[in-house]
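First up is the structure itself, then whatever we jot down about it.
Source: prediction; values computed, not measured.
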Amino acid sequence: MRCHEVRLFVKGNADLVDVVLSHRDGGALLDRGVPELVGTSSPGFGVEVNHEPSSGFGALRRELEDETTGMLAWRPDVVVLSVADDVRSLATQGVNPEQAVQRVRADLEAAIAMIKDRIGAHILVANASTIDPDDTVFSYHGLDEEPMTLRAHRLDLMLVLVSHDYGISVVDLDRLIAELGGADHVVAPLRYDVAAAAVIAAEIARILEDYGFFDDRPLLAQSGAKGGVG
């Protein structure tokens, strides 16, 4: 019999919290976040939530190594992360962009390994919308700093590769917002409106349901091409 309380740990800042959690749980946009959606679609099941701010995958890796994140003590069933902070901080000026992305990937992969080994939680990572409503660049050649849109493209592709190798789920914000109509639902780089937040929360609830958290059946495992199951 499946436990009727799923523990969801959101490791992220307002851009992630606001598309997952309702006002009641700390979000600023939604009346009905993931817990409320689950309560409606799967009566008898609930979602308990906890969240911490994030400074990116490198900081998460260090927190896991030093055991300073509350995630380890709380032992969630599901961890939700976001690539947004690394999109903001990705250093490409004066360095090889591919090497910069590889450093972010190495941090994420190390964090995934520690979460799987120490907690056994399923991991969902939200990618980033590649829309910047203020971006009018039509050629990236010769720019002193890569625009957010290009950094988002690079790291969104990185997430696809990590998902293939390790079996994590990518919450495809870029696709969801494009299907809604794109720029009309992006209020600022990496920040979304209420309609977009509602669609994203529904997608996360759907992913959890697909894994089997709200059915009396074995959970689908997260396994990737590089082996290992969690």
Quiz item: Using 4.0 Å as the upper bound for N to carboxylate O, is an ion pair formed by E98 and R105?
Solution: no
Practice problem: List the atom of Y192, the atom of V186, and the distance in Å for their closest heavy-atom pair. | Solution: CD2-CG2, 4.2 Å
Quiz item: Would you say Q222's side chain and I123's backbone share a donor-acceptor pair under 3.5 angstrom?
Solution: yes
Exercise. For D66 and T68, indicate whether the former's side chain and the latter's backbone hold a donor-acceptor pair under 3.5 Å.
Key: no
Practice problem: Please round to the nearest 0.5 Å and tell me the distance separating atom CE of M158 and atom CD of Q102. | Solution: 9.0 Å
Quiz item: Can you tell me how far CG of D15 sits from CZ of R191, rounded to the nearest 0.5 angstrom?
Solution: 6.0 Å
Quiz prompt | Stepwise side-chain hydrogen bond (donor to acceptor under 3.5 Å, both in side chains) check, Y211 with S169 | solution = CA-CA 10 Å; Y211 273 115; S169 288; 2.5 Å; yes
Exercise. Supply the atom-to-atom distance N13 CG to S55 OG, rounded to the nearest 0.5 angstrom.
Key: 6.5 Å
Quiz item: Hey, do the aromatic rings of H4 and F45 have their centres closer than 6.0 Å?
Solution: yes
Quiz item: Between L21 and H51, what is the shortest heavy-atom contact and its length?
Solution: CD1-CD2, 3.5 Å
Quiz item: For V79, does its backbone N or O pair with a side-chain atom of K11 as donor and acceptor, under 3.5 Å?
Solution: no
Quiz prompt | Any donor-acceptor N/O pair, D18 side chain to A28 backbone, under 3.5 Å | solution = yes
Quiz item: Looking at R61 and D107, does any basic side-chain N land under 4.0 Å from a carboxylate oxygen?
Solution: yes
Quiz item: So does H23 have more than 12 non-hydrogen atoms from other groups sitting under 6.0 Å from NE2?
Solution: yes
Quiz prompt | Proximity of F213 and H122 rings by center, below 6.0 Å | solution = yes
Quiz item: side-chain hydrogen bond (donor to acceptor under 3.5 Å, both in side chains) with T130: which of D174, T149, D156?
Solution: D174
Practice problem: Might you point out which heavy atoms bring A205 and F214 nearest each other, and give the distance in Å? | Solution: O-CE1, 4.4 Å
Practice problem: Among V38, N50, V20, find the one that has a side chain to side chain contact (heavy atoms under 4.5 Å, CB included) with L8. | Solution: V20
Quiz item: Does a side-chain N-to-carboxylate-O contact under 4.0 Å join R206 and E209?
Solution: no
Quiz prompt | Criterion side-chain contact (heavy atoms from CB on, under 4.5 Å) on Y166 and K116, from CA distance to verdict | solution = CA-CA 10 Å; Y166 295 95; K116 295 292 187 184; over 6 Å; no
Quiz prompt | N/O donor-acceptor pair under 3.5 Å between E36 side chain and G33 backbone | solution = yes
Quiz item: Taking the side chain from D193 and the backbone from A195, do they hold a donor-acceptor pair closer than 3.5 Å?
Solution: yes
Quiz item: Between the side chain of R75 and the main-chain N/O of R118, is any donor-acceptor distance below 3.5 Å?
Solution: yes
